[in-house]
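See structure below.
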Amino acid sequence: MSTRNIVRFWEWGKKIICVGRNYADHAIELKNAIPSEPVLFLKPPSAYIREGSPILVPFYTSNLHHEVELGVVIGKGGTAIPQSSAMDHVAGYVLCLDMTARDIQDECKAKGLPWTLAKAFNTSCPISDFIPKEKIPDPGSINLWLKVNDILKQSGSTSQMIFSIPFLINYISEIISLEEGDLILTGTPKGVSSVQEHDELQAGIDGIVTMTFKVDRKS
Ligand SMILES: CC(=O)CC(=O)C(=O)O
Ligand SMILES: [Mg+2]
């Protein structure tokens, strides 16, 4: 691993690779088929925000959704990384929100267009502090939750993921080489819902981290 400080990986401008429909209960709530292979899409590094900065509602949506997800921070790059050594490439984790303009995503799906406008806008990837790998010995068995204005909306265990973290690292790195500082969003459990200007989103991983973000509209 390099001497760069991985705890500020979001400043490096590396890739954000997102996995969709990785929890059957979420695929079902949106009436999507349960995938037999991972569904992948990308966000640009300009999507990152940290606590203290607001989530900005894009002007073109009237249905912005939260999706709480475990993010995997890559510490050592590679291509076609075998599942057996995949966890050696992980530096740590972050809690992430995959903010999604659901109305636009539905339109894109209907027209067979990519999800860029729905998923990749500025502020669409709020993240927590970096969590070193040692703090989560079993990332396949942690509980993620999200509240909107103190009301619990999402609560799910990473044990419900269809594709495990080693499987995803292998699958993604066969297609897109992974680099130090890349982030993989591993999908969201059920309970996604609409957020409005002035809402407060609080999310956490039980016993590990919490984070809070306000929703605002660009003036
Ligand atoms: C339907 C989606 O938006 C897929 C997605 O991002 C997920 O986490 O699942
Ligand atoms: Mg998602």
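We count ligands from 1, going down the list as the structure has it; atoms in each ligand are counted the same way.
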Self-check item: Under 4.0 Å to a heavy atom of E69 - the qualifying atoms of ligand 1, by number
Solution: 8 (O)
Quiz item: What are the two closest non-hydrogen atoms of A86 and I81, and how far apart are they?
Solution: CA-CG2, 3.8 Å
Quiz prompt | Those atoms of ligand 1 less than 4.0 Å from some heavy atom in G187 | solution = 8 (O)
Quiz item: Which of these, T186, V73, I136, sits in a side-chain contact (heavy atoms from CB on, under 4.5 Å) with Y93?
Solution: I136
Quiz item: Under 3.5 Å between some N or O of ligand 1 and some N or O of K119?
Solution: yes
Practice problem: Sort out for me which residue in K147, H26, H66, K190 forms a side-chain hydrogen bond (donor to acceptor under 3.5 Å, both in side chains) with Q154. | Solution: H66
Quiz prompt | Heavy-atom nearest neighbour in the protein, as seen from atom 4 (C) of ligand 1, with distance rounded to 0.1 Å | solution = G20 CA, 3.6 Å
Quiz item: Taking the non-hydrogen atoms of V39, is any one of them nearer than 4.0 angstrom to ligand 1?
Solution: no
Quiz item: Based purely on interatomic distance, does K109 place a nitrogen or oxygen under 3.5 Å from a nitrogen or oxygen of ligand 1?
Solution: no
Practice problem: Report the nearest protein non-hydrogen atom to atom 9 (O) of ligand 1: residue, atom name, distance rounded to 0.1 Å. | Solution: R21 N, 2.7 Å
Quiz item: What's the atom name of the N, O or S in E67 nearest to the Mg ion (ligand 2)?
Solution: OE1
Practice problem: Can you pull out the closest protein heavy atom to atom 5 (C) of ligand 1? Residue, atom name and distance to 0.1 Å, please. | Solution: E67 OE1, 3.3 Å
Quiz item: Does the pair R102/E67 count as a salt bridge with the N-to-O cut at 4.0 Å?
Solution: yes
Quiz prompt | Within 6.0 angstrom of K135 NZ, more than 12 heavy atoms from elsewhere | solution = no
Quiz item: What atoms in ligand 1 come closer than 4.0 Å to a heavy atom of F41?
Solution: 6 (O)
Quiz item: Which atom, among the N/O/S set of D98, is closest to the Mg ion (ligand 2)?
Solution: OD2
Quiz item: Of all the N, O or S atoms in E69, which one sits nearest to the Mg ion (ligand 2)?
Solution: OE2
Quiz item: Is the backbone of K119 close enough, under 3.5 Å, to the side chain of S124 for a donor and an acceptor to pair up by distance?
Solution: yes
Practice problem: Please assess V39 against W115 for the test side-chain contact (heavy atoms from CB on, under 4.5 Å), listing each intermediate value before the final yes or no. | Solution: CA-CA 12 Å; V39 174; W115 295 354; 4.3 Å; yes
Quiz item: Taking NZ, NE, NH1 and NH2 as the nitrogens, is one of them in K14 or D182 under 4.0 Å from a carboxylate oxygen of the other?
Solution: no
Quiz item: Would you say the side-chain atoms of T212 pair up with the backbone N or O of T210, donor to acceptor, closer than 3.5 Å?
Solution: no
Self-check item: Those atoms of ligand 1 less than 4.0 Å from some heavy atom in L30
Solution: 1 (C)
Practice problem: Report yes if T100 has an N/O atom closer than 3.5 Å to an N/O atom of ligand 1; otherwise report no. | Solution: no
Quiz item: Looking only at heavy atoms, which two atoms of G187 and N22 are closest? And how far apart?
Solution: CA-CB, 4.3 Å
Practice problem: Compute whether any side-chain donor of one residue and acceptor of the other, for D206 and N143, lie under 3.5 angstrom apart. | Solution: yes
Practice problem: Please identify which atoms of ligand 1 are closer than 4.0 Å to at least one heavy atom of D98. | Solution: 6 (O)
Quiz item: Any idea which atoms of ligand 1 are less than 4.0 Å away from a heavy-atom of R102?
Solution: 1 (C), 2 (C), 3 (O)
Quiz item: Going by the order shown, which atoms of ligand 1 are within less than 4.0 Å of some heavy atom of Q105?
Solution: 1 (C), 2 (C), 3 (O)
